[in-house]
Amino acid sequence: MQAFPLRMHPRIPFNKPYFSGNETRYIEQAVRSGKISGDGLFTQRVHRFFEQEMGFAKALLTTSCTDALEMAALLLNIGPGDEVIMPSFTFVSAANAFVLRGASVVFADSTALNPNLDALALEELLTPRTRAIVPVHYAGIACDMDPILALAQARGVAVVEDAAHAIASYHRGRPLGSLGTLAAFSFHETKNIISGEGGLLAVNDRQYGPRAEVIREKGTNRSAFFRGEVDKYGWLDVGSSFLPSDIIAAYLWAQIENLQDIQQQRRAIWLRYEAGLSALAARGVGLPALPDYASNNGHLFYLVCRSLDERTALIDHLRQQGIWAVFHYQPLHQSAYYAARHDGRPLPWAVHYADCLLRLPLYYELSEADQHYIIDAVLGFYQTY
Ligand SMILES: *Cc1c(COP(=O)(O)O)cnc(C)c1O
């Protein structure tokens, strides 16, 4: 007979989607209201929340962060010949949104301190063709926004914050997503608050508000029509269908109601990791660093190993103990699509984070016992490695 191991720790996934319990109740309400297409009651509630609590001039729910970024590229009239600066170490959607409009992407390196783009090296990347800078607040930790905003203003360049990680996180006390011309959030199930798939465009420069509504509604002024501002709607501009069903908004509303609790719990987990693992810094293992201008929303906790081999061995070691820890982005400037289009500058920090950064499990339900098990497993690895 096959012998089973007596004690096996249950698998600890990298992520578990948060669920408050009210999501299904609100979805049922949306269904019963008889209006489950876009811009229903829950969507309006979500918009009001972001406009009032985060100070966005206009908040527009989208079907994803990817879509919000595509809306940003349309709104800014990005086209062939334009250049857009963004970090190489980020998710591909930031680049796709602008590449789809025919623009060139100019990749910036990350900083030594954290994976955010190196704001102090931005100036040499700007040319008369530069139309936008896309800072990505990695792990919900703010980019160095003062020099980015100053440079953008001086050169008449738009700033599109990729705030996919950055819900309810701050730069010098101001909510991330409220600083740029435009900003994009994600509610994908791996983020702090979720709707399965989902996103939001924050419009901070008011001149873009009316057109953002039109682009989101297939290029029509249907939004103004539903508000009773015009007596029929027509086709005014380019656009697409970027608005989600109110069912998605209903799900999201239940998460927003618990935002403070979610953030508190995630930060507590983050701080336990930091306390448990900070001794590794003396061995040259990197831990997330918070600049004095940045807050922490507990979106993700990472280690930066000293080499790719070390990270591979650590991932294997943790897997053997049932713990799923994962690496993150491949550098976009080395991707199959972009490698031949990149200008050839080496971006050593982007490559370093791609090779060496490891994300540990972090989700609302992660128990203290499981977390100590993870911390012990990491420390155990470094006792012998
Ligand atoms: C998740 C993510 C996105 C894409 O979000 P979707 O809602 O899945 O489109 C974009 N940028 C960053 C940095 C992300 O982490």
Side-chain angles (χ1 to χ4, degrees), residues 14-15 17-18 46 50 59-74 84-100 105 107-108 110-111 114-117 132-143 145 148 159-169 171 176-177 179-180 182-202 216 240-245 248-249 251-252 255-256 266 288 294 297-302 326-333 335 337-338 350 353-354 357-359 362-363:
F14 170 67
N15 179 54
Y18 171 80
V46 171
F50 279 101
L60 291 169
L61 269 187
T62 57
T63 40
S64 63
C65 178
T66 302
D67 270 353
L69 289 163
E70 287 181 23
M71 279 186 70
L74 282 165
V84 178
I85 301 173
M86 66 187 63
S88 173
F89 186 75
T90 191
F91 192 62
V92 66
S93 291
N96 262 330
F98 299 97
V99 166
L100 276 168
V105 175
F107 291 114
S110 299
T111 69
N114 65 34
N116 286 339
L117 72 75
I133 302 168
V134 186
V136 182
H137 306 296
Y138 186 80
I141 296 170
C143 290
M145 292 304 285
I148 296 173
V159 173
V160 179
E161 297 176 73
D162 183 335
H165 299 181
I167 187 84
S169 197
H171 174 271
L176 297 182
L179 298 132
L182 302 164
F185 287 88
S186 175
F187 307 120
H188 183 263
E189 72 169 26
T190 50
K191 313 298 199 234
N192 286 24
I193 63 167
I194 62 176
S195 58
E197 304 282 352
L200 182 119
L201 179 75
R216 178 167 166 274
S240 190
S241 187
F242 291 116
L243 74 173
S245 156
I248 299 281
Y251 194 103
L252 185 63
Q255 304 257 321
I256 288 174
R266 295 187 72 109
N297 69 350
H299 175 58
L300 62 89
F301 190 92
Y302 60 83
V326 295
F327 53 79
H328 214 174
Y329 310 121
Q330 294 305 295
L332 295 178
H333 75 287
S335 63
Y337 178 78
Y338 222 87
Y353 291 117
L357 184 143
L358 182 68
R359 295 176 289 160
L362 202 171
Y363 48 87

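Ligands are counted one by one from 1 in listed order, and the atoms in each one are counted from 1 as well.
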### Query
Heavy-atom distance to atom 2 (C) of ligand 1: which of Lys191, His299, Glu197 wins?
Lys191
### Query
Looking only at heavy atoms, what is the nearest atom pair of Ala94 and Val134, with distance?
CB-CG1, 4.4 Å
#### Entry: Distance-minimising heavy-atom pair for Leu176 and His137
CD1-CG, 3.7 Å
### Task
Please confirm whether the backbone N or O of Leu243 pairs with a side-chain atom of Arg216, one donor and one acceptor, at under 3.5 Å?
no
#### Entry: Proximal ligand 1 atoms for Cys65, defined as those under 4.0 Å from one of its heavy atoms
4 (C), 5 (O), 6 (P), 7 (O), 9 (O), 10 (C)
### Query
Under 3.5 Å, side chain of Asn15 to main-chain N/O of Glu189, donor-acceptor pair present?
yes
### Query
Any non-hydrogen atom of Ala68 lying under 4.0 Å from ligand 1?
no
### Query
Are Tyr251 and Phe187 an aromatic pair by the rule of ring centers under 6.0 Å?
no
### Task
Please write down residue, atom name and distance for the protein heavy atom closest to atom 15 (O) of ligand 1.
His165 NE2, 2.7 Å
### Query
Is there a donor-acceptor pair closer than 3.5 Å between any side-chain N or O of Asn114 and the backbone N or O of Ala142?
no
### Message
Counting only heavy atoms closer than 4.0 Å, does ligand 1 sit against the backbone of Tyr329, its side chain, both, or neither?
### Response
side chain
### Task
Around atom 11 (N) of ligand 1, find the nearest protein heavy atom and jot down its residue, atom name and distance.
Asp162 OD2, 2.8 Å
### Query
Quick one: which ligand 1 atoms are inside 4.0 Å of a heavy atom on Ser64?
7 (O), 9 (O)
### Proximal candidate to atom 9 (O) of ligand 1 [heavy atom criterion; set Leu200, Thr66, Thr63]
Thr66
### Query
For residues Tyr138 and His328, is any side-chain donor paired with an opposing acceptor at under 3.5 Å?
yes
### Task
For atom 12 (C) of ligand 1, find the nearest protein heavy atom and state the residue, atom name and distance (0.1 Å precision).
Ala164 CB, 3.4 Å
### Task
Enumerate the atoms of ligand 1 whose separation from the nearest heavy atom of Gly198 is less than 4.0 angstrom.
7 (O)
### Query
If you count the atoms of ligand 1 from 1 in the order shown, which ones are under 4.0 Å from a heavy atom of Val136?
13 (C)
